Every structure is written in C-alpha cells, then in structure tokens.
Amino acid sequence: MDNITQKLTDKLQEFYSSFISKDWSRFSSILSDEFSYFGDNMTVMNKVSFVEFLSKDKWNGESFEVSNLTANISAGDDLGVLAYHIFFRGSINGKSSEVSAVETMAFIKENSDWKIIHCHVSNRY
C-alpha cells in the first residue's frame, strides 16, 4: 500500500471509530465543509445535516469491518477515492443489528490534511 493510500485508510478508520464512539466533534472534523452524502432512495445531505442525522439516530455501533478496499489517487496527490465493503455490528433499541453496504469515499487534501468531501453509500448490492 502506498503512503497516500495508507493515510486515507487511516483517516477512514478514524472516521468510523469516531462514528462508533459517537464522538461527533472528531467525526465532524474529518469532513470537509463542502462535504456531501448520497445514499439509497435519493438521500442527499450536506455536512451539517449528515452529522445532525447521525447524532440523532438510535443505532449504537459496536464494531465495523472494511473489506475489498480499492484506492485511486489523483496525479496531483490531492484527491483520493476509496471504494470498499463495510459491515457494522451494533444494536438498536436493545436488539442486535447488522448492516452492510458498499461505499465510495472521496478525500481532498485541505491545508496538508485529508478531509472527506463526498460519501456515496448503497445497502442494495
């Protein structure tokens, strides 16, 4: 794995770790101010609405697993895209729950730090 792919993978791990722990300040800091989210059923959110939606969700994460990761890095080393499968374990209202999805996460380099600028999620694969 090249250096940039490793940095993006580390940032992805930090993103999901902060999601699982519900550390919304840390979670939000990983997102670019220009962040956009696209999901199934034409769900579209910006940074503020995405963080607000997740912070109100009753799902409690316990663990996550990323697999089948592929990376594409721009020639200028300032844009990177990770595509992968993700599997979550957790609970909602006290009942065990598992969620899997395919995701594409776009990262942009802002002030020498990698930020997530776009996320596309599908649970229908």
Side-chain angles (χ1 to χ4, degrees):
M1 185 179 299
D2 66 67
N3 187 40
I4 293 174
T5 300
Q6 184 62 58
K7 285 180 181 180
L8 298 183
T9 302
D10 292 346
K11 189 64 75 164
L12 187 70
Q13 292 290 321
E14 181 183 356
F15 176 77
Y16 285 115
S17 292
S18 62
F19 169 69
I20 293 289
S21 67
K22 298 184 180 255
D23 183 344
W24 302 120
S25 176
R26 185 170 140 219
F27 181 88
S28 191
S29 74
I30 297 167
L31 304 176
S32 168
D33 288 342
E34 305 302 315
F35 174 81
S36 62
Y37 168 90
F38 295 170
D40 292 335
N41 300 321
M42 304 284 288
T43 304
V44 179
M45 290 183 247
N46 64 17
K47 178 179 179 174
V48 172
S49 60
F50 183 62
V51 173
E52 183 178 322
F53 169 77
L54 291 176
S55 67
K56 291 179 179 178
D57 191 24
K58 295 183 187 298
W59 190 81
N60 291 302
E62 296 167 8
S63 65
F64 67 94
E65 209 173 295
V66 173
S67 63
N68 301 323
L69 184 122
T70 60
N72 290 293
I73 310 302
S74 69
D77 293 341
D78 58 354
L79 180 67
V81 176
L82 299 180
Y84 51 89
H85 289 103
I86 190 152
F87 179 76
F88 295 98
R89 285 184 184 87
S91 62
I92 187 162
N93 298 325
K95 294 182 181 181
S96 292
S97 177
E98 296 179 346
V99 177
S100 62
V102 291
E103 298 186 353
T104 304
M105 197 75 75
F107 295 80
I108 190 166
K109 201 171 212 179
E110 292 182 355
N111 301 320
S112 71
D113 189 22
W114 289 100
K115 301 280 186 173
I116 298 170
I117 193 161
H118 179 73
C119 177
H120 179 247
V121 176
S122 179
N123 299 96
R124 301 176 186 173
Y125 64 95

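What you are looking at is a predicted structure, and each value in this text was computed from that prediction instead of being measured.
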Drop me the distance from [X]'s [atom1] to [Y]'s [atom2], to the nearest 0.5 angstrom.
X    : Y    : atom1 : atom2 : answer
L12  : L82  : CG    : CG    : 6.0 Å
S74  : N72  : OG    : CG    : 10.0 Å
K11  : D113 : NZ    : CG    : 4.0 Å
N123 : N41  : CG    : CG    : 9.5 Å
I116 : E14  : CD1   : CD    : 9.0 Å
L79  : K109 : CG    : NZ    : 11.5 Å

Applying a strict under-4.5 Å side-chain criterion to I, L, V, M, F, W and Y, I'd like to know whether [X] and [Y] cluster together.
X   : Y   : answer
V81 : Y16 : no
V51 : V48 : no
F64 : I92 : yes
V99 : F53 : yes
Y84 : I4  : yes

Going by the side-chain hydrogen bond (donor to acceptor under 3.5 Å, both in side chains) test, which pairs reach into residues 60-69, not counting sequence neighbours? N68-H85
Ring centre gap for F27 and F15 strictly below 6.0 Å: yes
May I have all residue pairs that pass ring pair (Phe, Tyr, Trp, His ring centres under 6.0 Å) and include part of residues 98-121, sequence neighbours excluded? F38-H118
Expected output: side-chain K115 to main-chain S29 donor-acceptor under 3.5 Å: yes
Are the side chain of S49 and the backbone N or O of N46 linked by a donor-acceptor pair below 3.5 Å? yes
Just grab all the salt bridge (charged side-chain N to carboxylate O under 4.0 Å, His left out) pairs involving residues 67-86, residues at least two apart or on different chains. none
Any pair with a residue in residues 28-37 that passes salt bridge (charged side-chain N to carboxylate O under 4.0 Å, His left out), sequence neighbours left out, goes on the list, sorted by first then second residue, please. D33-K47
Determine, step by step, whether E103 and V66 satisfy the side-chain contact (heavy atoms from CB on, under 4.5 Å) criterion, reporting the C-alpha distance in whole Å, the side-chain angles of both residues, the deciding distance to 0.1 Å, and the verdict. CA-CA 10 Å; E103 298 186 353; V66 173; over 6 Å; no
State which residues pass salt bridge (Lys or Arg N to Asp or Glu O under 4.0 Å) with K56; sequence neighbours excluded, sorted by chain then number. E52
Hits for ring-ring contact (aromatic ring centres under 6.0 Å, His included) against F19, two or more places apart or cross-chain, chain-then-number order -> W59, F88
Taking every non-hydrogen atom, the tightest pair across L8 and G80: CD1-CA, 3.8 Å
Closest approach of K22 to D57 (non-hydrogen atoms, all atoms of both residues): NZ-O, 3.5 Å
